[in-house]
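Here the structure is laid out as structure tokens; the discussion comes afterwards.
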Amino acid sequence: MRYNFQEAEKNWQRAWREADIFTAREDATRPKYYVLEMFPYPSGRIHVGHVRNYAMGDVVARYKRARGFNVLHPMGWDAFGLPAENAAMSLGAHPMTWTYENIRVMREQLQSLGLSIDWSREIATCHPDYYRHEQRMFLEFLRAGLVYRKESWVNWDPVDQTVLANEQVVEGRGWRSGAVVERRKLSQWFFRITAFADDLLDHLSKLPEWPEKVRLMQENWIGRSEGAQFRFALKDDPRTVEVFSTRPDTLFGASFLALAADHPLVQELARHDTSLSAFVAECRSLGTSEVELETAEKKGYRLPFTALHPFDSRRELPVYAANFVLMEYGTGALFGCPAHDQRDFDFAVKYDLPIRRVVARPGEEDTPVDAPFLEDGILVHSGFLDGLAVATAKKAAIAELEKRGAGKAMITYRLRDWGVSRQRYWGCPIPIIHCPDCGAVPVPDTDLPVTLPEDARFDRPGNPLAHHPHWKHTTCPTCGKPAERETDTFDTFVESSWYFARFCSPRASVPVEKDQADYWLPVDQYIGGVEHAVLHLLYARFFTRAMKGQGHLAIEEPFARLFTQGMVCHETYRLPGGEWLLPEQVVKNDAGEWIARETGQKVEVGRSEKMSKSRKNVVDLTYAIQTFGVDATRWAVLSDSPPERDVEWSGAGIEGAWRFVQRLWRLAQEWIAADPAIAHAAPPEGTDPLRRLTHQAIAQIGEEIEHFRFNRAIARLYELANRLEECPVRTTASRREALSSLALLVLPFMPHLGEEIWRAIGQSGLASLAPWPSYDPALIAETSATIAVQVNGKLRGTLELPKDAPQDEAEAAALSLDSVQRALAGGRPRKVIVVPNRIVNVVL
RNA sequence: GCCCGCUUGAUGGAAUUGGUAGACAUACAGGACUUAAAAUCCUGAGGCCCGGAAGGGCCGUGCCGGUUCGAGUCCGGCAGCGGGCACCA
């Protein structure tokens with residue numbers, strides 16, 4: 001007798017489909033629950049990481065549905081992106097064909113997993129019906145001042161002729177071409193995410209159901225710094241230099257000013273000063289990689305200016321252009337206070353500038369500074385600030401600057417506006433027309449969507465849209481003269497910034513249908529990888545605010561609860577030539593070395609890292625699913641490891657999971673065969689050991705699922721199975737209760753087996769529609785307690801006592817134990833500590 | 001450099017949040033069934049020591065120290081691993 005999972009999977013998936021039970025409909029009479037897993041990029045095939053992610057979401061969705069919630073659990077495709085274009089270049093397939101074919105395969109694979117997904121809401125972001133709304137919202141945001149265009153520095157790959165994201169620059173080279181990346185200034189479109197910097201930061205504290213780690217990462221990313229912005233006058237020059245500082249209290253310790261190479265003043269001087277312009281070029285060519293920055297020398301170029309101290313115009317400070325000052329942060333200029341900043345200290349030593357102590361511990365006012373003093377202390381040698389603590393001195397310094405009209409308190413953020421222009425084909429076209437006379441003109445609403453030309457060519461580097469013979473040529477909507485379309489497309493993070501809202505009304509003619517969005521949003525449970533902790537999750541929070549501003553949404557925060565599941569990792573395998581191999585393409589030879597299965601070549605084994613298609617360390621579960629079934633595969637993927645933790649994938653667990661599937665199925669079959677009346681038994685009454693086990697399991701497993709402890713829920717289910725087999729007293733009624741509860745408890749993890757057992761015991765209807773079993777607290781109440789007996793904190797034995805037995809009884813029982821008597825050796829304990837129902841500790 | 005997190009048997013991990021460390025699973029070993037294998041079932045197992053055995057003792061949650069009747073759990077210090085940020089003024 002063997003469980004035929006192929007049959008069961010086919011039958012139940014058909015039954016669910018025919019009963020149409022996963023299609024979500026608004027229903028004011030039931031509480032809603034929106035479960036969403038981060039949607040996949042259609043890279044080719046489903047791997048273990050996907051299965052883990054979607055199996056978790058499915059557990060939650062099925063559990064909440066059983067708990068009476070009206071569940072929305074949709075699926076879509078994050079379908080624009082670079083890999084499609086790379087595939088077009090290397091395989092000759094059109095990005096669209098490649099993408100839709102991948103979607104077809106992956107959809108089939110996901111559907112085979114028995115996920116409780118509402119497929120009627122499926123969306124693909126590369127479809128014009130999706131991105132037309134994005135284009136429309138972009139233009140709305142433009143009108144609202146949340147979008148602008150400006151020149152900015154980008155990473156430019158001279159071989160592929162495209163902009164690269166920072167993440168795509170590896171050690172200063174393009175990740176694909178290997179070419180040394182240049183910095184280039186290009187006109188780019190930006191989303192004004194900084195307009196919400198404070199709001200995005202403040203609301204983090206209102207997201208208690210987000211992991212602390214993610215909130216912290218976003219906080220650091222936004223990087224709020226409080227300080228002051230103020231002006232230095234220049235000697236014999238009407239211009240001024242604006243600086244930002246978080247330490248205005250140390251202003252009396254200033255000994256120089258430093259400007260970024262891109263600072264307008266420096267730029268201007270460089271026009272007539274060739275050695276300065278050489279210095280500027282050197283600053284720009286400086287790599288942006290961490291290692292280079294770490295080791296780069298602090299270099300300055302003395303400018304022909306002298307700055308005057310804002311609190312004492314007799315004090316004169318030299319002004320430098322310096323390679324460590326960033327135009328993008330603050331004002332692109334700073335004052336250096338060598339005594340209280342490491343970098344300024346290094347610079348002062350190098351250029352022999354004064355190092356003036358202005359903060360000190362009591363009694364160390366005149367101690368020479370041989371290393372920058374960074375602690376809090378008392379202000380010294382600072383005129384009106386003398387004697388103040390650092391925090392007070394900051395306020396006093398700012399007040400004085402304001403009084404003199406030299407500056408004001410200022411908050412600066414690390415967060416930059418979001419540059420969304422990409423010189424790529426496979427993305428959403430930016431709906432703008434550039435007219436020589438009218439400038440950048442929005443595409444009129446009636447002309448949306450701007451769709452991609454299908455006949456683009458991918459046989460040369462650069463942007464296929466720009467190369468297209470006629471796509472970009474059009475006329476200006478304003479003046480009617482010949483004009484050119486914007487040939488850049490959006491960063492693909494734009495699509496994923498609002499897809500969760502689109503799922504509420506996926507076919508609407510507006511971006512979101514307000515009523516439906518108001519019903520379903522926010523997402524109650526969002527699940528995805530921690531690698532999106534900052535970018536995607538921050539962009540989505542920004543987009544939600546921007547959409548609210550346009551009246552599309554009523555919420556600020558898109559995701560009420562966030563769960564970041566760990567990554568599934570695997571070793572990487574690489575041939576000497578650099579070609580990556582799939583795990584299934586390598587084997588260990590007799591000597592224990594890894595070799596390529598086909599050629600026998602030695603393979604270099606790399607460290608275990610997140611499964612990704614580019615490194616080929618992906619494990620396809622097709623084989624496991626065909627051999628052991630979907631239920632066993634889902635079970636194996638969720639067993640053993642806490643969901644938030646990274647796991648090193650090994651196929652080891654899957655056979656055990658399969659054995660367990662069969663064991664449960666056999667258990668049900670055997671019980672039914674031994675007692676056919678089980679199928680019709682009335683609900684049990686009273687108490688017996690089997691009922692206690694059943695109800696304990698119901699209580700525990702519900703609790704574990706609520707808290708995302710799927711590994712523990714699974715352990716409890718194993719325990720339940722072990723005990724059901726051993727349990728002595730069983731009535732027909734309690735057996736029926738045990739089996740039907742078992743069916744429902746395993747269902748979120750193993751939906752097909754759950755249905756199978758449910759039907760086997762004669763339950764009507766679908767288990768997937770059955771309410772979560774309830775437990776009787778009276779049945780699970782413990783009547784006795786096992787109490788540990790310790791002598792001086794060391795375990796000497798255990799006692800079995802009635803629950804809540806009086807303390808003196810427990811003490812007496814403990815003292816009468818042989819092991820305790822031996823330890824006492826006739827003496828008397830100094831002290832006995834009794835913790836009811838837990839422990840008795842005899843202290844000698 | 002700064003900020004977070006982690007470290008428990010052969011392995012993945014549990015431990016009611018200060019109260020019996022190692023649940024559950026995987027791998028392993030022994031046994032039963034079998035001509036044999038698979039499957040299934042039973043048994044064993046943190047380490048060391050005493051004992052023929054029953055049993056008993058000591059040590060043990062990265063390392064050192066502390067608080068406590070009692071520490072995997074709390075505190076201080078250190079090490080290792082992982083993650084985030086970084087010429088951020």
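Labels below follow one simple rule: chain letters A, B, ... track the order of the sequence lines, proteins then strands, and each chain is numbered from 1.
- The side chain of A:Tyr329 contributes an N or O atom lying less than 4.0 Å from OP1 or OP2 of B:A89.
- Summarising the base pairing, B:C78 is matched to B:G62 through a Watson-Crick or G-U wobble pair whose two defining distances lie under 3.5 Å.
- Between A:Arg659 and the phosphate of B:A25, there is no side-chain N or O to OP1/OP2 separation shorter than 4.0 Å.
- A 6.0 Å sphere centred on OH of A:Tyr775 holds no more than 12 heavy atoms belonging to other residues, nucleotides or ligands.
- At the heavy-atom level, A:Phe244 lies under 4.0 Å from base atoms of the strands shown.
- Within the 4.0 angstrom heavy-atom criterion, no nucleotide atom of any strand lies near A:Arg709.
- Contact annotation for A:Gly656: backbone-only contact, meaning every heavy-atom pair under 4.0 Å involves sugar-phosphate atoms and none involves a base.
- The glycosidic torsion of B:U8 lies more than 90° away from 0, placing the base in the anti range.
- Counting non-hydrogen atoms under 4.0 angstrom, A:Thr786 reaches a base of the nucleic acid.
- Taking atom P in both B:U16 and B:C74, one finds a spacing of 11 Å when rounded to whole Å.
- In this structure, B:A36 forms no base pair with any nucleotide, since neither Watson-Crick nor G-U wobble geometry is met with both distances under 3.5 Å.
- When distances run from any side-chain atom of A:Lys794 to the nucleotides B:C58, B:C87, B:U20, the shortest one goes to B:C58.
- In this structure, A:Val325 reaches the bases: a heavy-atom distance under 4.0 Å links it to at least one base atom across the strands shown.
- Using a 4.0 Å heavy-atom cutoff across all strands shown, A:Arg224 reaches no nucleic acid atom at all.
- Both cation-pi conditions hold for A:Arg357 and A:Phe373: the charged atom is under 6.0 angstrom from the six-membered ring centre and inside a 45 degree cone around its axis.
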### Task
Quick one, give me the B/S/- string for nucleotides 7-13 of chain B, reading 5' to 3', where B means a protein heavy atom under 4.0 Å from the base and S means that only happens at the primed atoms, P, OP1 or OP2.
-----BS
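- Nucleotide B:C2 forms a Watson-Crick or G-U wobble pair with B:G84, both donor-acceptor distances falling under 3.5 Å.
- Contact between the side-chain N/O atoms of A:Asn722 and the OP1/OP2 oxygens of B:A25 is found at a separation under 4.0 Å.
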### Query
If the sugar-phosphate is the primed atoms plus P, OP1 and OP2 and the base is the rest, what is the B/S/- string for nucleotides 66-75 of chain B, using protein heavy atoms under 4.0 Å?
---BS-----
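- A parallel orientation is assigned to the rings of A:Trp635 and A:Phe660, their planes being inclined by less than 30° (bins at 30° and 60°).
- Note on A:Arg414: a side-chain N or O is less than 4.0 Å away from OP1 or OP2 of B:A86.
- Taking the side chain of A:Asn323 as heavy atoms from C-beta on, and the options B:U40, B:G57, B:C87, the nearest nucleotide is B:C87.
- Straight-line distance between the P atoms of B:C2 and B:G77: roughly 13 Å, to the nearest whole Å.
- Contact between A:Arg716 and A:Ile701 at its shortest, heavy atoms only, is CB-CG1, 3.8 Å.
- Across all strands shown, the partner of B:A10 is B:U26, judged by Watson-Crick or G-U wobble contacts whose two distances both fall under 3.5 Å.
- Here the CD atom belonging to A:Glu644 is positioned 10.0 Å from the CZ atom belonging to A:Phe710, to the nearest 0.5 angstrom.
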May I have the list of side-chain donor-acceptor pairs in residues 798-810 of chain A shorter than 3.5 Å, sequence neighbours left out?
residue  : atom : partner  : partner atom : Å
A:Glu800 : OE1  : A:Thr786 : OG1          : 2.9
A:Glu800 : OE2  : A:Ser784 : OG           : 3.0
A:Asp804 : OD1  : A:Asn837 : ND2          : 2.8

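- Looking at the side chain of A:Leu795, the nearest of the listed nucleotides B:C87, B:C24, B:U20 is B:U20.
- B:U7 and B:U61: their P atoms are spaced 14 Å apart (whole Å).
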